[in-house]
Q: 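Got a structure here, written out as structure tokens. Questions coming.
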Amino acid sequence: MFSKILIANRGEIALRIIRSCREMGIKTVAVYSTADEDSLHVRFADEAVCIGPPASRDSYLNIPRVIAAAEITGAEAIHPGYGFLAENASFSEICADSGLKFIGPRPEMISSMGNKSLAKDTVKRANVPTVPGSDGVVETLEDAVAVVTDIPFPVIIKASAGGGGKGMRIVRDHEGFEKAFMMAKAEAEKSFGNGDLYIEKYIENPRHIEIQILGDQHGNIVHLGERDCSIQRRHQKLIEESPSPAVDDALRARFGDAAVAAARSINYEGAGTIEFLLDASGHFYFMEMNTRVQVEHPVTEQVTGVDIVREQIRIAAGESIADIVLVPNGHSIECRINAEDPEKDFRPSPGTILSWHQPSGFGVRVESHAYQGYTIPSHYDSMIAKLIVHARTRDEAIARMSSALEEFIIEGVKTTIPFQAKVMRSEAFRSGVFDTHFLETFDFR
Ligand code: MV4
């Protein structure tokens with residue numbers, strides 16, 4: 001096992017990783033930008049190294065500075081968390097070349113899933129269900145037009161280098177297709193430096209279901225069930241839960257088999273998530289794979305009893321996951337508490353937290369780096385806490401979340417709490433019957 005790990009991240013996930021390290025008797029090194037001098041990850045790590053000014057590209061994204069911090073402190077491994085360098089294949093490679101263990105998959109696994117068209121081809125060959133569409137990348141407008149004579153409208157044009165909703169275009173008829181294709185290509189070229197596009201049938205009103213998996217260096221791959229992440233706004237998840245109210249044991253087994261097959265197709269190592277679309281008739285399709293720990297991992301931890309960050313570290317150290325015991329239990333919901341104003345189109349609301357009281361009690365978990373007096377830097381994302389509840393049933397979990405949201409006091413900045421409290425009270429959410437368009441029509445004012 002490692003004796004010292006550097007955490008190449010900030011905020012709540014840096015704290016989350018520090019906690020698992022401490023429990024495992026591993027020393028920790030924090031890195032931080034000058035905007036994060038007063039952040040808790042700096043205080044709670046055994047050592048902390050300032051790696052630059054506030055802009056991410058000069059600090060948390062600056063590979064030579066992160067590597068230098070690991071070298072001068074004698075860290076043996078680097079945990080990248082999520083975001084920043086977590087899905088950067090060249091960072092994973094540079095770590096290896098510098099004799100540092102990257103706590104995550106090998107560079108080629110990151111690359112093969114980072115290219116969304118290649119990822120789809122790869123899992124399709126492993127018999128994972130994919131959405132009907134073009135056979136890989138569509139090079140020319142003529143080829144694109146040929147594709148849409150074979151599959152009925154509506155279609156969705158996606159960028160190979162995109163993901164998470166970036167660079168997508170839905171086209172409902174022939175009239176708008178050519179222009180949409182050319183615009184999507186130009187946009188992908190401009191945003192990602194890669195204009196490759198692929199085309200799929202557009203699935204109307206899907207649910208977003210994702211499966212957590214773990215793979216070790218010995219070829220063991222297990223899945224930890226699903227998360228339902230259908231409550232999103234502009235591709236930003238706001239509420240996640242496990243299990244999904246739309247998934248029964250038979251469907252879960254099929255999802256699990258598909259996710260494990262997808263991971264096995266690249267001999268996956270580490271924690272990963274396979275995202276699927278679930279349509280109204282119960283068919284599901286591979287969407288993309290995330291090769292990192294995700295923000296919403298705690299709901300899976302609550303219902304399975306598996307510490308996912310601990311498993312990431314054990315896997316990186318070469319240990320086996322064959323001994324993992326899954327005891328699925330109850331229902332868990334997470335609300336991402338963002339410093340945003342729901343009344344003003346969720347615009348960021350940075351500033352100083354004047355008062356802070358966080359909920360607690362039976363089945364209540366808070367993951368946060370914030371505290372009374374903390375100033376939220378404007379340079380990074382606006383998430384200031386994750387509120388997670390666990391209860392025996394979905395109804396009890398909703399009641400517990402409603403109560404906990406009421407108990408959360410944050411003054412000085414606007415937050416998403418009143419919005420999430422209204423979702424918890426709504427019949428639409430409580431019924432469990434909703435899809436990824438839920439928030440487009442949800443009236444929360
Ligand atoms: C789709 C789709 C419908 N049909 N693909 C959004 C993020 C990116 N991972 C892919 N996304 C979608 N792909 C087909 N063939 C609908 C979406 C989508 C979506 C998916 C999950 C959660 C929220 C979403 C919101 C809008 C669109």
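All residue numbers in this chain count up from 1 along the given sequence. Small disclaimer: the values here were computed from a predicted structure and weren't measured. First listed ligand is number 1; within each ligand, the first listed atom is number 1.
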Q: What residue and atom, counting heavy atoms only, is the protein's closest point to atom 8 (C) of ligand 1, and at what distance?
A: G165 N, 3.6 Å
Q: Looking only at protein heavy atoms, which one is nearest to atom 9 (N) of ligand 1, and what is the separation?
A: E288 OE1, 2.9 Å
Q: Within the 3.5 Å criterion, strictly below it, is a donor on S281 or D279 matched to an acceptor on the partner's side chain?
A: yes
Q: Cut-off 3.5 Å, side chains only: do T416 and Q420 have a donor facing an acceptor?
A: yes
Q: Considering only the protein, which heavy-atom contact is closest to atom 18 (C) of ligand 1, and what is its distance?
A: H235 CE1, 4.3 Å
Q: Looking only at protein heavy atoms, which one is nearest to atom 10 (C) of ligand 1, and how far off is it?
A: M287 SD, 3.4 Å
Q: Tell me which donor-acceptor pairs under 3.5 Å the side chains of residues 144-160 have, and how far apart each pair is, sequence neighbours excluded?
A:
residue	atom	partner	partner atom	Å
T149	OG1	A146	O	2.6
K158	NZ	E200	OE1	3.0

Q: Taking salt bridge (charged side-chain N to carboxylate O under 4.0 Å, His left out) as the criterion, tell me which of R207, R254, R252 meets it with E226.
A: R252
Q: From the options E12, E240, E367, select the one residue that forms a side chain to side chain donor-acceptor pair (under 3.5 Å) with K386.
A: E12
Q: Taking both backbone and side-chain atoms of K201, is any N or O found less than 3.5 Å from an N or O belonging to ligand 1?
A: yes
Q: Would K158 count as a polar contact of ligand 1, with the cut-off being nitrogen or oxygen pairs under 3.5 Å?
A: yes
Q: Identify, for atom 22 (C) of ligand 1, the protein heavy atom at the shortest distance, and state residue, atom and that distance.
A: T436 CG2, 3.3 Å
Q: Side chain or backbone, does I203 bring an N or O within less than 3.5 Å of an N or O on ligand 1?
A: yes
Q: In terms of residue, atom name and distance, what is the protein heavy atom nearest to atom 11 (N) of ligand 1?
A: M168 SD, 3.5 Å
Q: Going by the order shown, which atoms of ligand 1 are within less than 4.0 Å of some heavy atom of E200?
A: 5 (N), 14 (C), 15 (N)
Q: Does the structure place the NZ or CZ of R394 under 6.0 Å from the centre of the six-membered ring of F429, at an angle of no more than 45° from the ring's axis?
A: yes
Q: What protein heavy atom sits nearest atom 20 (C) of ligand 1, and how far away is it?
A: L277 CD2, 3.8 Å
Q: List the closest protein heavy-atom neighbour of atom 16 (C) of ligand 1: residue, atom name, distance to the nearest 0.1 Å.
A: Y202 CE1, 4.0 Å
Q: Please determine whether any non-hydrogen atom of K116 lies less than 4.0 Å from an atom of ligand 1.
A: no
Q: Would Y374 and H369 count as a close aromatic pair, with their ring centres under 6.0 Å?
A: yes
Q: With sequence neighbours excluded, what pairs up with E139 under the side chain to side chain contact (heavy atoms under 4.5 Å, CB included) test?
A: V137, D143
Q: N/O to N/O below 3.5 Å, does that happen between H208 and ligand 1?
A: no
Q: Assess the pair F442 and F434: is the distance between their ring centroids shorter than 6.0 Å?
A: no
